[in-house]
Number of protein chains: 2
Amino acid sequence: MKSTINAKDVAKLAGVSQSSVSRVYFKGAKVSEKTRRKVLAAAEELGYRPNEFARSLITNRTKIIGLVMKGVQNPFYPQVLTQFTAAFKKYGYSVLFVHTNNDEIETEDVETLLNYNVAGVVITDATMSLNVAESFRANHIPLVFFNRKLSSSDFYSVCCNNLNAGRAIAEYLLKQGLTDMAYISGNENTSTSLEREKGFSEVLAQHNLEYHKHASDYTYGGGYATALDIIEAGELPSAFFVANDIMALGVLDALQKKGVAVPEQVKVIGFDNIEMASWPGYELTTWEQPIEKMVEETVKYLLSEMAGYTGSAQSVEVEGTFIKRKTT
Amino acid sequence: MKSTINAKDVAKLAGVSQSSVSRVYFKGAKVSEKTRRKVLAAAEELGYRPNEFARSLITNRTKIIGLVMKGVQNPFYPQVLTQFTAAFKKYGYSVLFVHTNNDEIETEDVETLLNYNVAGVVITDATMSLNVAESFRANHIPLVFFNRKLSSSDFYSVCCNNLNAGRAIAEYLLKQGLTDMAYISGNENTSTSLEREKGFSEVLAQHNLEYHKHASDYTYGGGYATALDIIEAGELPSAFFVANDIMALGVLDALQKKGVAVPEQVKVIGFDNIEMASWPGYELTTWEQPIEKMVEETVKYLLSEMAGYTGSAQSVEVEGTFIKRKTT
DNA sequence: TTCACTTTTGCATACGTATTCAAAATATGA
DNA sequence: TCATATTTTGAATACGTATGCAAAAGTGAA
């Protein structure tokens with residue numbers, strides 16, 4: 001008893017050659033309508049399914065995208081994950097999921113992606129050493145850094161325009177007549193946190209304003225602890241710009257715990273517009289990252305590179321939108 | 001210029017046969033230490049990596065696990081996802097991620113899994129028609145339904161012992177001297193919601209107590225709306241057992257909005273012990289699902305089935321733990 | 001050294017598909 | 001109808017690896 005039935009079996013039953021069977025399943029190949037029907041009928045009867053590995057072996061191409069994620073704990077990422085899988089599925093690509101805890105993607109995982117000869121790679125929120133990135137380039141595997149802006153312009157990256165966002169938020173707070181602000185940063189080696197602060201500080205500097213900066217880590221606990229420290233040190237500003245929503249929720253909870261009224265005494269602005277930001281318990285004013293557009297840009301680039309590799313690099317920045325709720 | 005270098009190239013440089021190169025990379029094959037060193041040196045020099053597709057083609061086995069998820073929006077699932085990828089990575093398996101929105105996994109996705117000849121499949125929170133499941137069995141692909149208890153005992157399933165959990169929660173509330181309770185269910189066609197309620201109602205029935213049941217949908221919004229309805233209808237019980245944490249958070253926010261004191265006026269118990277349950281703003285009493293153990297059981301079964309397929313079925317239920325916080 | 005035995009190696013082949021090339025079938029035009 | 005152009009088909013081969021088998025190399029005892 002054969003465990004798997006192959007194109008040859010189908011060919012025999014349909015009374016055609018294996019080549020014809022192959023052509024029926026290979027998009028773009030020419031087959032007459034008659035043989036196509038014969039083949040499909042035979043395939044149906046036998047329960048035939050083309051072996052993806054044999055296909056990849058001979059074409060040297062796969063329909064697999066490597067998706068590397070870091071810190072799926074932040075509710076921002078499940079959204080990104082589902083959007084990517086949905087988008088790739090639309091074009092017939094499957095997702096090989098890799099999770100890393102380190103900032104830098106582990107070589108073991110890179111090996112995996114290369115062994116599977118993935119058609120493309122998306123790296124969210126993590127970085128990789130330049131020589132590792134080069135090994136993808138050497139294999140003509142297109143690569144996108146998602147939610148990261150690269151200092152070197154050798155690779156493609158897609159993120160929200162964090163600089164403009166920081167500026168807009170500063171201007172919004174200034175318009176409220178506030179002058180005494182604080183920035184609570186995420187991990188300080190991330191481009192996202194740095195750019196958001198850069199835009200923010202730029203505008204404040206134009207108005208000759210200083211601001212306090214408190215380093216945190218993009219987690220709820222981090223935001224909570226940082227805010228608590230600030231309150232207890234008696235350094236409460238009139239507004240917080242917090243580098244992401246999940247930290248901002250921590251800040252709000254700390255403020256509530258200490259009996260600080262929001263937005264009356266302090267205003268709080270987050271970043272991402274995660275689902276929780278709209279919960280009645282929080283109603284957080286924030287900056288929406290245009291995930292759909294970011295995903296779209298990423299997929300668009302990957303598809304074009306997979307069709308014909310150029311290795312072109314660019315830093316794409318998509319504009320987000322201010323979402324006013326009740327914490328400002 | 002060759003784009004990919006293969007075992008033959010390495011063999012030539014190392015002065016051995018292609019077979020020897022293969023044996024160096026095939027775990028379990030015998031090679032002398034001398035040739036191993038020669039091969040590894042040559043491989044290093046050329047940057048050789050075995051082609052996973054050629055391997056799978058000939059062995060008819062893969063190192064890929066299909067992971068099907070539904071509703072990644074619930075913060076419970078990112079935890080599950082990371083734990084699975086970590087566990088599988090430990091044994092050299094990669095994860096092909098599939099996301100479905102429907103309760104029932106789409107045939108398109110099943111096709112994908114079969115085409116890639118995955119070594120095993122984990123299905124979280126979704127079901128599949130029996131004949132689809134059978135097609136996995138026909139291909140000797142082991143299958144685990146995670147966080148689902150199956151009525152038919154034809155397939156392996158792993159979940160928390162929801163029945164016992166429901167009982168324990170009822171008993172806990174009874175001990176507090178409460179008699180007027182309500183259950184807020186998740187999607188009513190899920191075994192998780194049904195079993196939790198079953199255990200709960202069983203114990204209450206033993207004490208000749210009735211309870212109110214309110215159907216909801218396992219989302220924050222659902223919990224919020226349901227609680228609001230209850231309050232406005234003036235049907236406030238003395239305790240809520242809510243079928244999962246994310247809904248319970250919605251309930252808490254609704255209660256807070258309406259000025260109902262927790263736990264003084266109403267007690268609330270959730271289910272899952274997601275990270276947010278411990279946030280200072282909520283401090284939700286809940287039932288912890290032993291994710292590590294559940295994942296461990298799943299992986300253990302899959303590994304043994306992948307080593308030698310038996311198709312054995314079992315319904316594994318792991319005991320969870322009660323987590324007392326401040327909402328009771 | 002010789003012989004028997006064990007370990008290691010290389011050769012040849014198979015896995016299931018895509019693809020080239022020439023042959024066959026079909027369509028087109030006069 | 002025939003000759004020519006076009007489309008469709010089948011045979012053969014290649015992709016990169018694992019593996020059965022026989023030959024070769026190594027091991028140890030007498």
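A, B, ... follow the sequence lines: proteins, then strands. Residue 1 opens every chain.
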Show me the protein contacts with nucleotides 5-10 of chain C, counting only N or O atoms at under 3.5 Å.
residue, atom, partner, partner atom, Å
C/dT9, OP1, B/Ser32, OG, 2.6
C/dT9, OP1, B/Thr35, OG1, 3.1
C/dT9, OP2, B/Ser32, N, 3.1
C/dT9, OP2, B/Thr35, OG1, 3.4
C/dG10, OP2, B/Ser17, N, 2.9
C/dG10, OP2, B/Ser17, OG, 2.9
C/dG10, OP2, B/Ser20, OG, 2.8
C/dG10, N7, B/Arg23, NH2, 2.7
C/dG10, O6, B/Arg23, NH2, 3.2

Between [atom2] on [N] and [atom1] on [X], what's the gap in Å once rounded to a whole number?
X       : N      : atom1 : atom2 : result
B/Ile58 : C/dA12 : CD1   : P     : 16 Å
B/Lys63 : D/dT17 : NZ    : P     : 17 Å
B/Asn60 : C/dA14 : CG    : P     : 16 Å
B/Lys27 : D/dA18 : NZ    : P     : 14 Å
A/Arg61 : D/dG16 : CZ    : C1'   : 17 Å
A/Leu46 : C/dG16 : CG    : C1'   : 15 Å
B/Lys12 : D/dG16 : NZ    : P     : 13 Å
A/Leu57 : D/dA18 : CG    : P     : 12 Å

| Does any pair with a residue in residues 55-80 of chain B pass salt bridge (Lys or Arg N to Asp or Glu O under 4.0 Å), and if so which ones, sequence neighbours excluded? |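 As it turns out, the salt bridge (Lys or Arg N to Asp or Glu O under 4.0 Å) pairs with a partner in residues 55-80 of chain B, which skip direct neighbours, are B/Lys70-B/Asp103.
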
| Quick one: salt bridge (Lys or Arg N to Asp or Glu O under 4.0 Å) pairs with a partner in residues 138-147 of chain B, sequence neighbours left out? |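 Pairs touching residues 138-147 of chain B that pass the test: none.
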
| query | Going by the angle between their ring planes, with limits at 30° and 60°, are B/Phe53 and A/Tyr116 parallel, tilted or perpendicular? | reply |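 If you compare the ring of B/Phe53 with that of A/Tyr116, the planes turn out perpendicular.
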
| task | Can you label the angle between the A/Tyr156 ring and the A/Tyr301 ring as parallel, tilted or perpendicular, going by 30° and 60°? | result |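 Rings of A/Tyr156 and A/Tyr301: parallel, as their planes differ by under 30°.
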
| query | Which residues within residues 47-55 of chain A lie with some heavy atom under 4.0 Å of an atom in DNA chain D? | reply |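 When residues 47-55 of chain A is checked for heavy atoms under 4.0 Å from DNA chain D, there are no hits whatsoever.
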
| message | For A/Phe155 and A/Phe136, I'd like to know if the aromatic rings sit close, meaning centre-to-centre distance below 6.0 Å. | response |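 Not under 6.0 Å, so no.
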
| task | Sort out for me which residue in B/Tyr93, B/Phe146, B/Tyr77 forms a ring-ring contact (aromatic ring centres under 6.0 Å, His included) with B/Phe84. | result |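 Single pass found, and it is B/Phe146.
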
| said: If the condition is salt bridge (Lys or Arg N to Asp or Glu O under 4.0 Å), which residues does B/Glu111 pass it with, not counting sequence neighbours? | reply: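 By the salt bridge (Lys or Arg N to Asp or Glu O under 4.0 Å) rule, B/Glu111 matches no residue at all.
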
| field | Those residues that, when tested against A/Lys149, pass salt bridge (Lys or Arg N to Asp or Glu O under 4.0 Å) (two or more places apart) | value |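 Result, salt bridge (Lys or Arg N to Asp or Glu O under 4.0 Å) vs A/Lys149: A/Glu195, A/Glu317.
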
| query | Going by heavy atoms in the side chains, are B/Ser94 and B/Phe88 under 4.5 Å from each other? | reply |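 No, side chains not in contact.
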
